[in-house]
Protein chains: 2
Amino acid sequence: MIVIATIKEVAKEAGVSVATVSRVLNNKGYVNEDTRKRVMSSIEKLNYKPNAVARSLFKKKSKMIGLIVPDIKNPFFPELARAVEDVTNSEGYTLILCNSDDDFHKEQKYLDALKQKYVDGFIVVTSTLKAEHVEDHNIPLVALDRSIHPEIPAVYSNNYTGAKQATQYLLELGCRQIAHIRGPHHINNAEERYKGFTDVTKDQGLYDPKLVINGGYSIEKTIGVTSELLKKSPEIDGIFAGNDMMAIGVLKAAERLGLKVPEDLKIIGFDGIALCKTTSPEITTMAQPIYEMGTTAARMLLDFIEKKEVINTKQVFQVQLVERQSTRVSLKR
Amino acid sequence: MIVIATIKEVAKEAGVSVATVSRVLNNKGYVNEDTRKRVMSSIEKLNYKPNAVARSLFKKKSKMIGLIVPDIKNPFFPELARAVEDVTNSEGYTLILCNSDDDFHKEQKYLDALKQKYVDGFIVVTSTLKAEHVEDHNIPLVALDRSIHPEIPAVYSNNYTGAKQATQYLLELGCRQIAHIRGPHHINNAEERYKGFTDVTKDQGLYDPKLVINGGYSIEKTIGVTSELLKKSPEIDGIFAGNDMMAIGVLKAAERLGLKVPEDLKIIGFDGIALCKTTSPEITTMAQPIYEMGTTAARMLLDFIEKKEVINTKQVFQVQLVERQSTRVSLKR
DNA sequence: GTGAAAGCGCTAACAG
DNA sequence: CTGTTAGCGCTTTCAC
């Protein structure tokens, strides 16, 4: 059983006032070197740790930041969370990771609940929160992966360009019947990727609306809809999936239909999650710099919080083609 | 810009004292129905939300619980976290998910940091924390997935029996040179699984220490060591991997060596994560009831916290064989 | 039934 | 340089 010491007890033990203890604790204001040492040793002796809650109450800050993601089971988000956590931890903040299921009410509930706890700021991956909701909360916030509004700081990658590159890449490989498994309509980066795809295929006179279907950013759903698609349109020779999870779904669907990848069908995903390397064939993807995006968003938020300046920054990252077996016949296979 | 109302303002608005407001807020003590209604409408009108921090300071509770996991990138843990989150949320608690990297100091840091914030309790997946460390903290805690000490409440599955079943299953399929990719030595469930494996193979006179190697619960490491192993001992016809991530690693290694799974080599994993269904062939595994384990641990902790009774419960779940392509030649392949 | 007041543990004027 | 004191917003005796 450990007795938790308070600042008062430290003060008594050191023979000073609580104000002095507070001063040495926060390295603020003048304090004589000798008394400072005395206080320090009392702190040590009593194993005193300042009470974070009392501090929060006064300061209206908590040294906590909230990270809201739509789906913790999609490995993209744990990878992102790790990045965020690394920088928040190193700056002495505690990260609260929340799963929203892409649900507006859950997001709002988290925002409310954490604000009650004086969370210093938020990083959110959201498609349902709009500028007005965020502004309502009046708290430092940066959007990650998906932009909320031009006026709200955000970190994301160039989804449109990446999608164009992906599509172009399939073209270069000789694909002529290219399908796109797109993400949900309400998610703006899914929309961007879709647009990148159509702009390129239209440009080449290869666009066919029947070759675009919605996989809902989910493996299961994608397996279903892609199987249908491939049965109806067996001439498809390339598929650009709107994210890596769906690319895995496409791969499973192709496999079940007895299609050879990449010989019969080439597949490219988007995101660059580690999972792409666990399938067979391994999946080619447009990789986002996930870790860097996470750390950038975290730094941006902490700057915002600590300097208190109202920033309005956007950081847009470029995605990079990572070629793997799903588009390329390797010698080994 | 939203102005946050305090209990004082609500009291003034309703023409009562803060004590009365507090009473209606907490449904505690007598309060006249009429004044109660008046207070309620003032609360509504001012959009008042009680300040969680002030409340924590007084109560020494925060309605937060901490969940410490070793590796958020292993999908097993997000799945577990989702389960825990579902019950903690439904009971009005905020879950703080922490990643420890299986590192003693990070675990301790989280324990300390969150205790400063009056976190109500912890659920921990740990191999490095021992009973004395936990007791030092003197806070409700339940161990999940890995037991810490007989005296500390825990939820986990029957790793030993599951491992025996897995090994026996490979035997039944006709495997005679069975290897085991084990997890780290300091992780007790890895040890149990190893023991289950050796007990069965020894019993059959098939045990060979050269066929047991350490894959460190990681895909990458497992690919390396398994490649080595398979090159040295090409006679291996079955592999029991200590978890699903390592099973994926084994699959990759086999694939790179041109081995056919399951024809040349049968593979079985342990855990039952969704990832097993994304590979090709899909991976047979001893599935733990992940969701149920998570909810059980959460309920146990909340009971502990709310009833304040010192419990000492163990919940041991049985694992279940899920047969897939990595051990069974399906007609489709 | 309701209010006044003390206090949770800490910080920040304000004096001295 | 250091101590006194008034809160941060809430809960809870203890009177009335």
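Letters A, B, ... mirror the listed sequences (proteins, then strands); counts begin at 1.
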Quick one: is D:dC1 close enough that its OP1 or OP2 comes under 4.0 Å of any side-chain N or O from A:Arg23? no
Between A:Thr6 and C:dC8, is there a contact of a side-chain N or O with OP1 or OP2 at under 4.0 Å? no
For A:Pro70 versus A:Arg146, what's the shortest heavy-atom pair and its separation? CG-NH2, 3.8 Å
Given the structure, check if the side chain of B:Arg36 and the base of C:dG1 hold any donor-acceptor pair shorter than 3.5 Å. no
Given [options], the nucleotide with the shortest approach to the side chain of [X]:
| X | options | value |
| --- | --- | --- |
| A:Ala19 | D:dG3, C:dG3, C:dT11 | D:dG3 |
| A:Ile7 | D:dT11, D:dT4, C:dT11 | C:dT11 |
| A:Asn32 | D:dT12, D:dC1, C:dG9 | D:dC1 |
| A:Tyr30 | D:dT5, D:dT2, D:dT11 | D:dT2 |
| B:Pro50 | C:dC8, C:dT2, D:dC10 | D:dC10 |
| B:Lys59 | D:dT2, D:dG9, D:dT11 | D:dT11 |
| A:Asn51 | D:dT5, C:dG9, D:dG3 | C:dG9 |

Quick check: does any side chain N or O of A:Asp101 sit under 3.5 Å from a backbone N or O of A:Lys106, one acting as donor and the other as acceptor? no
Check whether B:Lys117 reaches the backbone of A:Ser62 with its side chain - one donor and one acceptor, N or O, closer than 3.5 Å. yes
Using whole Å, report how far [atom1] of [X] lies from [atom2] of [N].
| X | N | atom1 | atom2 | answer |
| --- | --- | --- | --- | --- |
| A:Leu25 | C:dA12 | CG | C1' | 14 Å |
| A:Tyr118 | C:dC10 | OH | C1' | 14 Å |
| B:Arg55 | C:dG9 | CZ | C1' | 19 Å |
| A:Glu9 | C:dC10 | CD | P | 9 Å |
| A:Lys28 | D:dC1 | NZ | C1' | 17 Å |
| A:Lys12 | C:dC10 | NZ | C1' | 17 Å |
| A:Tyr48 | C:dG9 | OH | P | 10 Å |
| A:Lys117 | D:dG9 | NZ | C1' | 14 Å |

Is it the case that the side chains of A:Asn99 and A:Tyr110 hold a donor-acceptor pair, with the cut-off being a distance below 3.5 Å and no angle test? no
What's the verdict on side-chain hydrogen bond (donor to acceptor under 3.5 Å, both in side chains) for B:Asn51 and A:Tyr118, showing C-alpha distance, side-chain angles and the deciding distance? CA-CA 9 Å; B:Asn51 180 308; A:Tyr118 288 143; 2.6 Å; yes
Indicate, with a heavy-atom threshold strictly under 4.0 Å, whether B:Ser56 touches base, sugar-phosphate, or nothing. nothing
Counting the atoms with a prime plus P, OP1 and OP2 as sugar-phosphate, which does B:Val16 contact under 4.0 Å by heavy atoms, base, sugar-phosphate, or nothing? sugar-phosphate
Determine, using ring centers only, whether A:His133 and A:Phe104 are less than 6.0 Å apart. yes
Return the 5'-most residue of the pair B:Lys60, A:Phe58 with respect to DNA chain C, ranking by each residue's nearest nucleotide. B:Lys60
5′-ward residue of the pair A:Ala52/B:Thr20 relative to DNA chain C: B:Thr20
